[in-house]
Amino acid sequence: MGGKKLEIKQKVKIKNRKASHEYEFVEKLVAGISLKGSEIKSIRMQKVSLQDAFCLFIGDELIVRSMHIAPYEMGGYNNHEAKADRKLLLTRRELDKLDRKVKETGFTIIPTQLFINDRGLAKLEVALARGKKLYDKRNDLKEKDQKREISRMKY
């Protein structure tokens with residue numbers, strides 16, 4: 001045992017597919033998450049849902065709310081709450097910039113992707129987003145269908 005950490009055999013990458021349909025992303029940032037031991041174990045087992053998750057400022061901290069991390073099966077009495085608020089770790093400059101944008105212009109902060117980086121740390125990609133109108137959603141679906149038809153014609 002040369003002191004090296006065990007490599008994670010499978011890559012964990014959980015996406016919020018609904019977010020790209022509902023929102024137009026303006027800017028993306030990668031933030032760390034403050035987690036308990038049983039939470040990171042559940043994330044490694046890919047038992048996470050970002051479906052209804054959103055971010056908000058409480059005081060001067062950015063919190064992700066209603067991100068569902070399933071309780072760890074072997075957790076016992078020391079297990080975590082599934083939909084607890086979790087603190088996001090960003091620099092003060094990034095937090096101030098996001099706070100200013102959210103207060104001024106009607107943007108919202110949406111978690112788009114949860115992954116484990118090469119050092120074994122859980123990271124959450126958040127996007128500064130603006131809600132799409134119904135006609136924007138229809139145009140996106142039309143473009144997606146057209147691209148699919150073109151790719152079928154090539155083969």
Side-chain angles (χ1 to χ4, degrees), residues 4-141 143-144:
K4 292 184 179 179
K5 287 187 178 179
L6 295 173
E7 287 189 34
I8 300 168
K9 292 179 181 157
Q10 63 182 13
K11 295 288 181 186
V12 176
K13 194 174 255 190
I14 295 124
K15 293 184 179 181
N16 187 353
R17 292 190 181 104
K18 187 177 174 185
S20 63
H21 182 70
E22 297 288 330
Y23 297 96
E24 171 192 350
F25 302 142
V26 177
E27 183 180 347
K28 291 185 178 182
L29 294 168
V30 176
I33 316 171
S34 179
L35 296 171
K36 294 180 181 173
S38 60
E39 291 173 326
I40 189 67
K41 290 178 180 182
S42 289
I43 289 172
R44 286 196 178 118
M45 293 170 58
Q46 299 189 12
K47 296 191 174 186
V48 181
S49 173
L50 297 175
Q51 203 68 26
D52 300 324
F54 62 97
C55 300
L56 70 151
F57 280 94
I58 297 179
D60 59 348
E61 295 179 344
L62 187 61
I63 304 292
V64 63
R65 188 167 273 178
S66 71
M67 175 173 74
H68 184 273
I69 299 177
Y72 183 57
E73 294 167 359
M74 307 294 214
Y77 70 91
N78 203 14
N79 227 337
H80 64 275
E81 187 180 331
K83 288 203 173 191
D85 292 351
R86 293 166 181 94
K87 181 181 172 182
L88 295 181
L89 308 172
L90 289 166
T91 64
R92 176 58 41 205
R93 182 179 292 156
E94 291 170 333
L95 287 171
D96 290 341
K97 180 180 175 184
L98 286 174
D99 191 27
R100 194 169 43 250
K101 293 263 186 168
V102 167
K103 285 180 180 174
E104 284 177 8
T105 55
F107 285 108
T108 187
I109 303 169
I110 303 294
T112 58
Q113 183 175 329
L114 178 71
F115 61 95
I116 294 184
N117 69 1
D118 53 352
R119 293 179 51 205
L121 303 173
K123 300 289 182 175
L124 186 69
E125 183 182 74
V126 294
L128 189 63
R130 181 183 301 125
K132 284 185 182 177
K133 304 283 190 242
L134 182 62
Y135 58 84
D136 290 334
K137 294 178 191 177
R138 287 182 186 151
N139 288 339
D140 286 348
L141 288 174
E143 288 175 15
K144 195 183 279 188

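Since we're looking at a predicted model, the values are computed, not measured.
Counting heavy-atom neighbours within 6.0 Å of R92 CZ, excluding the residue itself, gives a total above 12. Surrounding NZ of K13 are at most 12 heavy atoms belonging to other residues, nucleotides or ligands under 6.0 Å away. In the displayed structure, K36 atom NZ is contacted under 6.0 Å by at most 12 heavy atoms of other residues, nucleotides or ligands.
Between the NZ atom of K28 and the CD atom of E125 there is a distance of 4.5 Å, given to the nearest 0.5 Å. Distance check, rounded to the nearest 0.5 Å: CG of L114 to CD of Q46 gives 9.5 Å. The CD atom of E24 sits 10.5 Å away from the NZ atom of K133 when rounded to the nearest 0.5 Å. Considering OG1 of T112 and CZ of F25, their distance stands at 5.5 Å, rounded to 0.5 Å. Rounded to the nearest 0.5 angstrom, I69 CD1 and S49 OG are separated by 10.5 Å. D85 CG to S34 OG: the interatomic distance, rounded to the nearest 0.5 Å, is 12.0 Å.
For N16, the side chain to side chain contact (heavy atoms under 4.5 Å, CB included) partners two or more places apart in sequence, or in a different chain, are K18, A19, L50, I110.
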Does the pair I116 and R44 meet the rule for a side chain to side chain contact (heavy atoms under 4.5 Å, CB included), with working shown? CA-CA 8 Å; I116 294 184; R44 286 196 178 118; 3.5 Å; yes

Might you work through the side chain to side chain contact (heavy atoms under 4.5 Å, CB included) test for V102 and T108, ending with a clear yes or no? CA-CA 6 Å; V102 167; T108 187; over 6 Å; no

H21 and D136: side chain to side chain contact (heavy atoms under 4.5 Å, CB included), yes or no, with the steps? CA-CA 9 Å; H21 182 70; D136 290 334; over 6 Å; no

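Looking at heavy atoms from C-beta onward, T91 lies in side-chain contact with E94 at the 4.5 angstrom threshold. Contact annotation: the side chain of M45 approaches that of E73 to within less than 4.5 Å [non-hydrogen atoms, C-beta and beyond]. Taking 4.5 Å as the limit, some side-chain heavy atom of R100 sits within range of a side-chain heavy atom of K97. The shortest distance between side-chain heavy atoms of F115 and V12 does not fall below 4.5 Å. Using a 4.5 Å heavy-atom cutoff, the side chains of F107 and L98 are not in contact. Looking only at side-chain heavy atoms (C-beta outward), I40 and I33 stay at 4.5 Å or farther from each other. Between L121 and K123 the shortest side-chain heavy-atom distance falls below 4.5 Å. Here the side chains of L95 and L88 are not in contact, with every heavy-atom distance at 4.5 Å or above.
Judged by distance alone, the side chain of E143 and the main-chain N or O of D140 form no donor-acceptor pair under 3.5 Å. A distance-only check finds a donor-acceptor pair linking the side chain of R86 to the backbone of M67 [under 3.5 Å]. Between the side chain of S66 and the main chain of D52, a donor-acceptor pair closer than 3.5 Å is present. Judged by distance alone, with hydrogens and angles left aside, the side-chain atoms of N79 form no donor-acceptor pair with the main-chain N or O of P71 at under 3.5 Å. The backbone N or O of S20 sits less than 3.5 Å from a side-chain atom of K132, completing a donor-acceptor pair.
Minimum heavy-atom separation, F54 to L56: CE1-CD2, 3.7 Å. Across all non-hydrogen atoms, the minimal contact from K137 to E22 is NZ-OE1, 3.1 Å. In plain terms, the two heavy atoms of V30 and L90 that are nearest each other are O-CD2, 3.7 Å.
If you check the side chains of E39 and S42, you find no donor sitting under 3.5 Å from an acceptor.
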